[in-house]
Amino acid sequence: MNDHKTLVLMLRTIGRETQPSQRYVDRLKRYLMAHVRQDTSMRRGFWSWDVSLLYGKMVFGLCLFGLSFIGWRAVSFRSQFALDASSYNPIFSNLLQPSQESAPDTVALESQNLLQELSENLVVDDVSVSPEAVLEQHQPGVVVERQADIGQVGEFDADQSLGSQMASPTTVGSSQSPSEPRGAVVAESGSAPLSGAVLTNDARKTYVVPTPTPTITPVPTQADSSEVYIQPVTIRMQ
Amino acid sequence: MATRINGRRDPQADRLLSLVRSYQDGNTSVFADIYELLVADIYRYIYFRVSTKEQAEDLCQSVFTRIYEKIHTFTGVYFKAWVYTIAKHMIIDHYRKETIHHSIDEVMPPSVDDNQDAVLTAVTVRTYLSELPDRYREILLLRYIEDVSIADTAKILGMSTANVRVLSHRALTKLRELMQS
């Protein structure tokens, strides 16, 4: 081993003789090829016609078909049952068709509550249209209490009509006459005069709005139009 | 494209390259052929760099698994050099993780199906090789144990061919000094 040639020969001999055992080689080959096969079948995906996965796909398809059939039968049975019940039982027919009578009642009740709550918290700056008139326009027969200035008693002018007031819209504040008392109630033209005012001890007026529903006069400037012109009112929350 | 090493064609490298291209084209069954061509060389490369035979087998399996995972990224010409690079990095990772070093006596228990003289010589050479600096040991293992050409050794180790020649000569001198002492 004195020269390099001998040393190189020895190293090459050792390298050639150092081999893995055949058992290890076969075992590693089986492991790797199983890995390759598994990865390949996963890479091919569901729609490949791989024989090893064919049975699983067939079972999966049959289960999918069965579930779809059951769902279809359930839906058709339900619709058929509902049709039969609606044709023979009035309860089902009422349930299937929405009631057209109860809805307006509910809306009216809600609007009445809303208007009552609104009337208790309102101070109307523009006296040309009082909140009572607005309330009366929507809810006839509602008893309204409103805050009035102490010492000023509202006057009822039966000649003033809501239609005439609405025909001449005024800007809030600018058109308000200082002599015009706050709290004046404008009644509808042609309708019965208001039943009167009661000045209570705490300087609150009680107006009883007549029950007949007032009619709103159309705006004269829009004679050919059937739309109703509402005079703008500015309200301020108290 | 024919693979030429030192100006001559390498039929094994050509066959390996064609198999790799076939695998990359979707023929996954050729991986068994690639394995057959490489397993002995990779095992030997690892065997002289780790402590035990079991570690060599485990690392060899890891290297082939990594080859399988990364083979689609290979774009070079010499596939064997690419595989050696993977094995080298995995051995480095192995030594980073390993904290317990075994003595050389318990490194290679002679197996019953190997040649006893060859195993003993291999253990002796491994003892001396382990005392060499890393660069010398790497070059001796690649050039003489693995019988890799100078050009491919230079590619694997990332140095010039002249540098490989010089380092090979110095490594042999150092090994001879160790064995004489």
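The chains referred to below are lettered A, B, ... by the order of the sequence lines, with proteins before strands, and numbering in each begins at 1. It should be emphasised that the depicted structure is a prediction, and the values quoted were computed from it without experimental measurement.
- At a 4.5 Å heavy-atom cutoff, A:Arg23 makes no contact with chain B through either its backbone or its side chain.
- By the 4.5 Å heavy-atom criterion applied to side chains, B:Leu17 and B:Phe74 are counted as neighbours.
- None of B:Leu172, B:Thr173, B:Val166 except one satisfies the side-chain contact (heavy atoms from CB on, under 4.5 Å) rule with B:Arg170; the exception is B:Val166.
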If you look only at distance, which donor and acceptor atoms sit under 3.5 Å apart when one is on a side chain in residues 31-41 of chain B and the other is two or more places apart or in another chain?
unit_1: B:Tyr35; atom_1: OH; unit_2: A:Val25; atom_2: O; d: 2.6
unit_1: B:Glu36; atom_1: OE2; unit_2: A:Lys29; atom_2: NZ; d: 2.7
unit_1: B:Asp41; atom_1: OD1; unit_2: B:Arg44; atom_2: NH1; d: 3.2
unit_1: B:Asp41; atom_1: OD2; unit_2: B:Lys80; atom_2: NZ; d: 2.6

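- The part of B:Ser29 that comes within reach of chain A is its backbone (N, CA, C, O), which places non-hydrogen atoms under 4.5 angstrom from that chain.
- Only the side chain of B:Phe48 comes within less than 4.5 Å of a heavy atom in chain A; its backbone stays farther off.
- Under the side-chain contact (heavy atoms from CB on, under 4.5 Å) criterion, A:Asp26 pairs with A:Gln22, A:Arg30, sequence neighbours left out.
- Across B:Leu175, B:Leu129, B:Leu140, the residue that shares the most heavy-atom pairs under 4.5 angstrom with chain A is B:Leu175.
- B:Arg49 forms no cation-pi arrangement with B:Tyr47, by the criterion of a distance under 6.0 Å to the ring centre and an angle within 45° of the ring axis.
- Only the side chain of A:Leu32 comes within less than 4.5 Å of a heavy atom in chain B; its backbone stays farther off.
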